[in-house]
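Lettering of chains follows the sequences in order, A, B, ..., and the numbering in each one begins at 1. As the structure is a prediction and not an experimental result, all values here were calculated from the model.
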There are 2 protein chains.
Amino acid sequence: MTTFRDLRGISSFDPDEGEAYKDDPLFMRSVARTVAVMSAFQSARHPLSLSQVATAAGVDRSAAQRIVHSLLKLGMLTRDPEDRGYLPGLRVLDMTHDLLRLNPMLQRANPVMLELRRRVRERVDLSLFDDVRVVYALRMPSKHEIFSATIVGHAVPTYCTAGGIAILSLLPDEKVADIVKRSDLTPFTSHTIRTLDEVMVHVHATRERGHSVLCRQLLNHEVAIGAPIRDSSGAPIGAIHVAGSLQEWTAEGFSDSFGPLVQNAAQTVSEKAPIGIRKGIQE
Amino acid sequence: MTTFRDLRGISSFDPDEGEAYKDDPLFMRSVARTVAVMSAFQSARHPLSLSQVATAAGVDRSAAQRIVHSLLKLGMLTRDPEDRGYLPGLRVLDMTHDLLRLNPMLQRANPVMLELRRRVRERVDLSLFDDVRVVYALRMPSKHEIFSATIVGHAVPTYCTAGGIAILSLLPDEKVADIVKRSDLTPFTSHTIRTLDEVMVHVHATRERGHSVLCRQLLNHEVAIGAPIRDSSGAPIGAIHVAGSLQEWTAEGFSDSFGPLVQNAAQTVSEKAPIGIRKGIQE
DNA sequence: GATGTGTGTATCTCTCAGCGATACATCTAT
DNA sequence: ATAGATGTATCGCTGAGAGATACACACATC
């Protein structure tokens, strides 16, 4: 389907050889290794054997053995019920639940998303900004949803998605350029954005319009619009976006019909700084 | 809303004092501590401060400092954008995605769930068996869904839910008794099952009927039916369940209308042992 | 039946990661 | 001021755990 690529980008870690932490006395090797093992499945297509975990995580077989053994006992990994092989364990879902539950922004977003879905009868998503990529956190599926339902945690590039462009529109130009430069620009469709210039055109349009409008970027018959979610300092931390089919909509029609609603929703979810009492403002 | 309780039950770990692993040379203290910190948010209601993490995880402040610092750099934790405080980080969602993506049973379940939702116009869920509790993994929301959308990872008791009873119906009586004994039996509504005997009545009925039917267990106006998903050895690993409103349905009507569909769906998702070649069968 | 390459599992010794104590610089709140 | 949070930094001693090595058990293939 979508071309496989490592979207973790710069935030990806070379498990331990990262060298970056060599001089950080606070940084614990063992934690990095543990996380490396848990993240080993990122690039997997099937349940992994012990030595596959070892190579994927960049640790030697002995270390993998001990870490996997421990993570198994803690429920962070499981064995595939049928075939042998290791998989992320149920305790991962607990952490997911905690993340969705505790993040104040997502808490606020929930009712807003439900209301938005009620009005817009299309697929509504909320995703979180993570440098070169954007990660789906909430989805309100529409009536006609034919494909996968499991998208929590799905990551797509920032530079060519409605949510991503909406986020970029709040960043200074040089930061946008920086992100695009570090992105994998392999196109998904023949219409996928390929250059920084094209990104900038969309970013500028989004700044004026208030929401982004993108067509045929990840899928050939898809139109999507998005608006950014800000934190209390005004920085973008995510986006709300709506996707529809070009067999039913024109880009303009879609944008005109739902743009204001999406902008309004994103605005509502964004931080409202508690009146006047904020860091340096009271002076 | 739902009474707060620790559903992790027996699988919960006393982070390090567990004593259970004292003699296991393969078990790594550092991994346990790392996981303990990541799981510290389980019992939290808000973003946690460093020392809150420390106490919740059962490690001293120094250890918490180092582990949190490391997990932050790795993206497994984040700081709350507005308020200060720590939260599960975005990388958790990556792991979620991996879990949902890689589990062969969930892969098979996806199209089945979509088809089931198409026929049953009610809320359809798939949850995974985890001892005294059952964890939501997939949800296909229905038209009238008014409450929370973020339920991936939500855990409910095994002994009083449609999915849970369906799972128990495949276990021997003494195992059922064992699970009920270890469960927190605090009722959710005035109709919630309170005794092992009541559980057993439902289990037996489910064994004959092929699916479970439960009313007013977690919510006062809810009816739910469920059917178990088996692994290749026949052991239950999860359940598919459908929930509806008692303002629209009678329990019998609901059961008769959707029971066969749910059973069929669960059957389809269950392991099909590759014809004859299995562990001890070929002899 | 050998042989090879995969799996998971177990044991042992030496050393450096990281434990835990201690100190400090902020804040906010009395 | 005083008191109690918060996050942050330094440091010397020691036992957790690295990493090598070995074994049991699957499957293949010749």
Side-chain angles (χ1 to χ4, degrees), chain A residues 15-19 21-37 40 44 46-73 77-80 82-87 274 277-283, chain B residues 15-19 21-37 40 46-74 77-80 82-87 274 277-283:
Chain A
D16 163 280
E17 316 298 349
E19 302 289 325
Y21 307 120
K22 201 168 50 181
D23 49 351
D24 183 346
L26 258 291
F27 190 81
M28 291 172 69
R29 242 89 169 157
S30 68
V31 172
R33 276 198 248 248
T34 304
V35 173
V37 167
H46 309 285
L48 297 181
S49 77
L50 188 56
S51 21
Q52 285 174 319
V53 170
T55 50
V59 302
D60 67 286
R61 252 178 65 92
S62 286
Q65 176 191 183
R66 268 169 283 138
I67 296 170
V68 165
H69 174 85
S70 308
L71 289 175
L72 268 180
K73 295 225 164 182
L77 296 180
T78 337
R79 318 207 55 149
D80 188 312
E82 46 179 320
D83 194 273
R84 58 169 53 77
Y86 300 98
L87 289 173
I277 26 160
R278 261 292 152 193
K279 280 289 154 55
I281 312 183
Q282 71 272 48
E283 182 52 280
Chain B
D16 163 279
E17 316 298 350
E19 301 289 325
Y21 308 119
K22 202 170 49 181
D23 48 351
D24 183 344
L26 259 290
F27 190 80
M28 291 172 69
R29 242 91 168 155
S30 69
V31 172
R33 275 201 248 250
T34 303
V35 172
V37 167
H46 309 285
L48 297 181
S49 76
L50 187 56
S51 21
Q52 285 174 320
V53 170
T55 50
V59 303
D60 67 286
R61 254 178 64 91
S62 285
Q65 175 191 186
R66 268 169 284 140
I67 296 170
V68 165
H69 174 86
S70 307
L71 289 175
L72 268 181
K73 295 225 164 183
L74 295 168
L77 296 180
T78 337
R79 316 207 58 146
D80 188 310
E82 46 179 323
D83 192 272
R84 58 168 53 75
Y86 301 97
L87 289 173
I277 27 160
R278 262 292 152 192
K279 279 290 155 54
I281 312 183
Q282 72 273 48
E283 182 51 280

Phosphate OP1/OP2 of [N] contacted by [X] side-chain N/O (<4.0 Å):
X: B:Arg29; N: D:dG17; value: no
X: A:Ser51; N: C:dT7; value: yes
X: B:Ser30; N: D:dG17; value: yes

Report the distance from atom [atom1] of [X] to atom [atom2] of [N], rounded to the nearest whole Å.
X: A:Phe27; N: C:dC19; atom1: CZ; atom2: C1'; answer: 17 Å
X: A:Asp24; N: D:dT8; atom1: CG; atom2: C1'; answer: 12 Å
X: A:Leu50; N: C:dT9; atom1: CG; atom2: C1'; answer: 10 Å
X: A:Asp60; N: D:dG17; atom1: CG; atom2: P; answer: 15 Å
X: A:Leu26; N: D:dT8; atom1: CG; atom2: P; answer: 9 Å
X: A:His46; N: C:dT7; atom1: NE2; atom2: C1'; answer: 17 Å

Inset, instruction - Select one nucleotide: of D:dG7, C:dT9, C:dC19, the one nearest the side-chain heavy atoms of A:Arg61. - result: C:dT9

Inset, instruction - Select one nucleotide: of C:dC19, D:dT8, D:dG19, the one nearest the side-chain heavy atoms of A:Arg33. - result: D:dG19

Legend entry - B:Thr34 side chain reached by A:Met28 side chain, heavy atoms, under 4.5 Å: no

Inset, instruction - Could you check whether B:Ser49 gets within reach of a base, just the sugar-phosphate, or nothing at all, counting any heavy atom under 4.0 Å? - result: sugar-phosphate

Legend entry - Distance (rounded to the nearest 0.5 Å) between A:Ile67 CD1 and B:Phe27 CZ: 12.0 Å

Inset, instruction - Report the distance from atom OG of A:Ser70 to atom CG of B:Asp24, rounding to the nearest 0.5 Å. - result: 7.5 Å

Inset, instruction - Could you tell me which non-hydrogen atom of A:Pro47 sits nearest to which non-hydrogen atom of A:Asp80, and how far apart they are? - result: CG-OD2, 3.2 Å

Legend entry - Which residue lies more 5' along DNA chain D, comparing A:Ala63 with B:Leu48 via nearest heavy atoms: B:Leu48

Legend entry - B:Gln65 or A:Ser62, whichever maps to the more 5' nucleotide of DNA chain D: B:Gln65

